[in-house]
Structure formats: structure tokens, C-alpha cells
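One structure below.
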Amino acid sequence: MKNYFCALLLVIASSSSYGFQDSQALRPNIILIMADDLGFETLGVNGSDSYQTPYLDSLAAGGMNFSQCYSMPLCTPSRVQLMTGKYNFRNYIGFGLLDPEEKTFGDYLTEAEYKTFVAGKWQLLGNEHQRNLAGGRVGSHPLEAGFEDYCLWQVDELGSRYKDPLLSNPNGNQVYEGEYGPDIITESILEFIEDNQSDPFFVYYPMVLTHDPFVPSPSNASFSDFDASSKVNDPIYFAEMVEYMDLLVGKIWTKVEELGMAENTLIVFIGDNGTDRKVLSMQNGMEIQGDKGHPTAAGTHVPMLAYWKGRIASGSTNDHLIDFADFMPTLWDLAGIEEVDRGFTDGISFYSQLLGKESLSREWIYCDYDPRWGKHQPSRHIQNKEWKLYDDGRIFNIQNDPFERKELSLAEISDFGLRRINSFKDILHNIGK
């Protein structure tokens, strides 16, 4: 079994450098956008009947739509895995914390002489309560995580993220009375793009939308009179928040096109975990209850789109499994980072998949979920597109039962399915050893 995992690591290492020479010559600009609490069911291109997302739908029409991208069920676990390329059991120190000893994609891209900028939601330095829960551990400041500049909500103070936001940049913290946080954050990204047209750049945009509190957006006539200090949190506003999030992505895409940078700029859009549990959506005529915080498909299956004009085929789809650990090796390939300068990753690069080339791909998704926050319970599972095995022995055929309503006994599973389940058991037993 040890030989099996050695072979697996060789597959991961070899796949992460697939297409490396091609990326060395290109070194495209990279814009990674991640919406907050946005499940797969929320985009029009994925069959949403509840929300209007014309810009993201157009982005997919001009690029690639991924049908099998999986996150962790909650924000900090997802962000730590995304930014480090490692499963949570290797480096997760507590909710709201990014281990300052970890090397992030910001570090790697800065070392590769990319101009780096992070804007949106940080929530990785930790507050006093989160640090106490982690045994006194402290998280990371954005400048300590490899980024040269930032415009962020929730670095070392909380405040509002929406109307009257409290935002941070290298000059300090500021409350913007009467303004809307997502607008200010997006504008900072547009200015960064304008100022860095002559250098390759990396923008990481972990959006504050569409997380609760669910409140009016500037598209709502009641926004100007809305009291930001109120306790309003009504899912009735979720639809307009999704649509405003889509509008802001559209502004970034439009800027890239206007500046003539689309042929050398990759835009990737993802969600960080499933939709809030207070939100009920319709997708292809079916009700989908958000399940953020739980390791079901409604808690971990997220949208993913990629647009790179002239490089990614328009209207293409990708049904390969994508894990958040896969972004690190993909960024290494895109930035032309030499193998000797790369670290360890649990990820498999999907760079060649973006270009429609033959590529090694992931056979399973592994989730090691222990957020140590609130009432969320730890859970481990492994899955492919058909089968899902939890470490407590529960088995589901998620192709036929995506809502995990019927646990299966071994007697109900075909011989082929049993072989797959047994291989999953071996991986769950041995991974991390």
C-alpha cells in the first residue's frame, strides 16, 4: 500500500508540470475570483431557475465550464487548502487562521516576479476567540502571505462588509460611510489592473458577496436609506446579491477586454463552499437547499469557470474532478515556475485541461473536514463522480442520489462498485501516513 501512495505522488508531481514549457513562454496574467457561499446551483449556466447571472454565463460561453469542482464545506478550510495546495490535515491550525509557516500561492507568484494583489475577504489573521480556540496560534497578515498590496475586509477588525464598510489597506483601516464594500473592493482591482499592464500580475479576489447578512445591494431602491447597523438578515435579498456579484465580475472582465489584455489573461471563477442553509434555490425545476458547513454535495459542489481568450475553447465543458488543492500546481504551470522551486502539493494541475490537451486527471476527491468552529462536526470522505464513502462507513451512490438520502449496504452494490469502495477504504486508511 505504501507503494500505491508513492506512485500516486509521482502521478501528482508529473501532472503538475504537464505543459510547463508552453506556460513558461506565456506567463499570463491570472485573476482568481472566489464568491463567498455560492453553490453550483446558483449560476444560470448550471441550470439555475432562481438567479440571473448573465456575465458569468457569458464568461462560460466564451470559455470553459467545470461541472465537477469540489471545495471544503466551510470558508477557512477551503481557503487554506486553496492557498497552500495541501489537504487540511497537513496544515489547518484553526478557524479564521492561516498558518504563517505555510507558503501560499501569493508567495510563489511574487517570487516568480508577478505583481500580486489580494482584495475582498481575508479572515485569516484570527481574532482573540479564534486564537484561543487554536491554543494561542496566530494566523497570517496578507503581507505575510505573499501579497504585495491589498484591499480587504476583516484583517484585524470586523466592521461591516456591505454598506458603510470597514476596509483595510497597507495605509490602515477606514470606514466608508454610505458606500458599498464590494464596489470599493472591485474598484481597487480595476485600478491595480490599470497600473500593471506592463507586468504579469496575479489578482486573488475572495469576494465578500454572497455571504450573509442578506441585505439590500445598491441595485435596490431601499439601499440609500438602509441602516447598516441593523440586524437585518433576510434571504429575500439573496437573489439581488447574486446578481450584483455577477455584475462585479462583469466589470473586471470588461476592463480586461477594454485594455486589450484578454489574450494574455486567465480569469477563473469559483465558489468557496455551498450556499447558505437558509437559502432555497431552484435548479432545472428542482429545489436545492443550501448546505454550507456540511460535507454533502450541496455543501461542497461549487461552480467553476475559466476564460482565456484564444487559448480556452469557447463553450467548452470540463467534467474532470477538480479539488481546491489542484489550483497550486496549476498556478505553478501558468507562471512557469521551475520544478526545483516548487514545494509539496496534494494537487494535480489542470493547466493542460484548460487548453484542451490530453492530461492526467484526478480519480477521486478527498475531504478531511475538521473546522473546529461552532457546531460543525468533523468528517472525512472520499468520492468520485459516482460513489462516496465516509470514514464512518456510510456509502452513497451520488450519481443516482446526489442528496445522500439513501445509505447503501454492501449487498446493494455491484461487484464493480464494491471494488471502487474497497479502493476508497484503502485510501482513507492510508492517506496521511
Inset, instruction - May I ask you to check whether F424 and W364 place their ring centres under 6.0 Å from each other? - result: no
Inset, instruction - Quick one: do Y366 and D368 satisfy side-chain contact (heavy atoms from CB on, under 4.5 Å)? Show the steps, please. - result: CA-CA 7 Å; Y366 172 66; D368 191 295; 2.8 Å; yes
Legend entry - Ring center gap for F223 and Y180 short of 6.0 angstrom: yes
Legend entry - Pairing of E187 and K251 as salt bridge, 4.0 angstrom limit: no
Legend entry - Any side-chain donor near an acceptor of the partner, Q353 and Y351, under 3.5 Å: no
Inset, instruction - Tell me, with the steps shown, if S359 and F350 meet side-chain contact (heavy atoms from CB on, under 4.5 Å). - result: CA-CA 8 Å; S359 170; F350 54 83; over 6 Å; no
Inset, instruction - Report the distance from atom CD of E240 to atom OG1 of T210, rounding to the nearest 0.5 Å. - result: 12.0 Å
Legend entry - Y55 OH: over 12 foreign heavy atoms closer than 6.0 Å: no
Legend entry - Residue pair H320 / K385, side-chain donor-acceptor N/O under 3.5 Å: no
Legend entry - F324 and F327 aromatic centres sub-6.0 Å: yes
Legend entry - Neighbour count >12 (heavy atoms, 6.0 Å) for atom NZ, K115: no
Inset, instruction - Verify whether the ring centers belonging to W387 and F396 lie closer than 6.0 Å. - result: no
Legend entry - Centroid-centroid under 6.0 Å between H294 and Y369 rings: no
Legend entry - Modelled atom types, side-chain donor and acceptor of D37 and N273, under 3.5 Å: yes
Legend entry - Distance-only donor-acceptor check, side chains T110 and T116, under 3.5 Å: yes
Inset, instruction - Starting from the C-alpha separation in whole Å, work towards a yes-or-no answer on salt bridge (Lys or Arg N to Asp or Glu O under 4.0 Å) for D99 and R90. - result: CA-CA 11 Å; D99 188 346; R90 300 192 193 279; over 6 Å; no
Inset, instruction - Might you point out which heavy atoms bring T300 and P73 nearest each other, and give the distance in Å? - result: CG2-CG, 3.8 Å
Legend entry - Pair F201 + F117: ring centers closer than 6.0 Å: no
Inset, instruction - Evaluate whether atom CD of Q52 has more than 12 neighbouring non-hydrogen atoms of other residues, nucleotides or ligands under 6.0 angstrom away. - result: no
Legend entry - Aromatic centroids of Y70 and H301 separated by under 6.0 Å: yes
Inset, instruction - Give a yes-or-no answer on whether the side chains of Y244 and D183 include a donor-acceptor pair shorter than 3.5 Å. - result: yes
Legend entry - Residues E113, R27: salt bridge by 4.0 Å N-O rule: no
Inset, instruction - Might you confirm whether atom CD of E386 has over 12 heavy atoms from other residues, nucleotides or ligands at distances under 6.0 Å? - result: yes
Legend entry - M282, CE: over 12 other non-hydrogen atoms inside 6.0 angstrom: yes
Inset, instruction - Would you kindly say whether N29 and T265 are connected by a side-chain donor-acceptor distance under 3.5 Å? - result: yes
Legend entry - Donor-acceptor pair between D323 and Q81 side chains, under 3.5 angstrom: yes
Inset, instruction - Would you mind reporting whether L305 and M64 have side-chain heavy atoms less than 4.5 Å apart? - result: no
Legend entry - N-O pairing of D291 and R277 below 4.0 Å: yes
Inset, instruction - Evaluate salt bridge (Lys or Arg N to Asp or Glu O under 4.0 Å) for E102 paired with K86, printing each intermediate quantity in order. - result: CA-CA 10 Å; E102 286 296 324; K86 300 176 185 178; 3.0 Å; yes
Legend entry - Ion pair E194/K255, N-O distance below 4.0 Å: yes
Inset, instruction - Begin from the C-alpha positions of K103 and E111 and carry the test salt bridge (Lys or Arg N to Asp or Glu O under 4.0 Å) through to its verdict. - result: CA-CA 11 Å; K103 193 167 183 178; E111 289 176 4; 3.0 Å; yes
Inset, instruction - Give a yes-or-no answer on whether the side chains of N173 and S168 include a donor-acceptor pair shorter than 3.5 Å. - result: yes
Inset, instruction - Considering only NZ, NE, NH1 and NH2 on the basic side and carboxylate oxygens on the acidic side, decide whether K388 and E404 come within less than 4.0 Å. - result: yes
Legend entry - Modelled atom types, side-chain donor and acceptor of D164 and S160, under 3.5 Å: no
Legend entry - Parallel, tilted or perpendicular: ring planes of Y108 versus W332, cut at 30 and 60 degrees: perpendicular
Legend entry - Ring center gap for Y162 and F226 short of 6.0 angstrom: no
Legend entry - Short side-chain donor-acceptor distance under 3.5 Å, S219 and S217: yes
Legend entry - Donor-acceptor pair between N91 and T84 side chains, under 3.5 angstrom: yes
Inset, instruction - Could you walk me through whether L428 and L389 pass the side-chain contact (heavy atoms from CB on, under 4.5 Å) test, one step at a time? - result: CA-CA 9 Å; L428 280 177; L389 172 68; 3.8 Å; yes
